[in-house]
Amino acid sequence: MSWRAHGMRTWILQRLTALYLLVYLAVFIVYLAGSPESNFADWRARFSDPLANIATLLFFYSLMFHVWVGVRDILIDYVHVSSLRLVLWTLITLVLIVLAIWISMILYSVVVL
């Protein structure tokens, strides 16, 4: 199958985002297992580190893209009315964009404040 095949790029990108999600979660779980109980100030300090903040931001962006591609494929396969598929896909895309902006604002506030 060639690189120009329909859907090949999104398929590869979805696999890459899945790999990043898996690696991030594995590292995060190991990190949590090795750390003692903590409070809000400790969590804030963890995510004020630029590396942790960027990795977390990439995690959530990867999650949003992964969800977007998965839902797109479900809509293409199972919603046969084109206008309904377009409306659902647009609504889901808008929700994911709003969530990505919200997460960005939260992580930005941890760094700035």
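For clarity, every value in this text was computed on a predicted model and none was experimentally measured.
- Hydrophobic clustering keeps Leu19 apart from Leu13 (ILVMFWY residues linked when any side-chain heavy atoms are closer than 4.5 Å, directly or through intermediates).
- With hydrophobic clusters built from ILVMFWY side chains whose heavy atoms lie under 4.5 angstrom apart, Val27 does not share a cluster with Ile54.
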**Report entry** Step-by-step side chain to side chain contact (heavy atoms under 4.5 Å, CB included) determination, Leu63 to Leu21
**Finding:** CA-CA 7 Å; Leu63 181 64; Leu21 295 173; 4.0 Å; yes
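- In this structure, the separation between CG on Leu57 and OG on Ser62 is 9.5 Å, given to the nearest 0.5 Å.
- Linking ILVMFWY residues whenever their side-chain heavy atoms come closer than 4.5 Å, directly or via other members, places Leu32 and Phe59 in the same cluster.
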Report task. Apply side chain to side chain contact (heavy atoms under 4.5 Å, CB included) to Leu75 and Ile92, showing your working. Result -> CA-CA 11 Å; Leu75 291 176; Ile92 291 167; 4.3 Å; yes
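- Distance CG/Asp42 to CZ/Arg44: 12.5 Å, rounded to 0.5 Å.
- Separating the CG atom in Leu58 from the OG1 atom in Thr17 is a distance of 12.0 Å, to the nearest 0.5 Å.
- No path of Ile, Leu, Val, Met, Phe, Trp and Tyr side chains, each step under 4.5 Å between heavy atoms, connects Ile97 with Val71, placing them in separate hydrophobic clusters.
- Taking 4.5 Å as the limit, some side-chain heavy atom of Met64 sits within range of a side-chain heavy atom of Ile103.
- Among residues two or more places apart in sequence or in another chain, the side chain to side chain contact (heavy atoms under 4.5 Å, CB included) test is passed with Thr56 by Tyr24, Phe47, Phe60, Leu107.
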Query raised in the report: Stepwise, does the side-chain hydrogen bond (donor to acceptor under 3.5 Å, both in side chains) test hold for Thr93 with Arg72?
Result: CA-CA 9 Å; Thr93 301; Arg72 180 192 68 109; over 6 Å; no
Query - Candidate pair Arg46 and Tyr31, rule side chain to side chain contact (heavy atoms under 4.5 Å, CB included), full reasoning - result: CA-CA 11 Å; Arg46 284 180 189 147; Tyr31 177 76; 3.1 Å; yes
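- Using a 4.5 Å cut-off on side-chain heavy atoms (C-beta onward), Leu96 and Val67 make contact.
- The closest donor-acceptor contact from the side chain of Tyr61 to the backbone of Ser104 lies at 3.5 Å or more, if one exists at all.
- No donor-acceptor pair under 3.5 Å is formed between the side chain of Gln14 and the backbone N or O of Val69.
- Using a 4.5 Å heavy-atom threshold, the side chains of Asp49 and Asn53 count as separate.
- The OG1 atom of Thr10 sits 7.5 Å away from atom CH2 of Trp68, with the distance rounded to the nearest 0.5 Å.
- The environment of Trp43 atom CH2 is dense: over 12 non-hydrogen atoms of other residues, nucleotides or ligands sit within 6.0 angstrom.
- Under the 4.5 Å side-chain heavy-atom criterion for Ile, Leu, Val, Met, Phe, Trp and Tyr, Trp11 and Leu16 are members of the same hydrophobic cluster.
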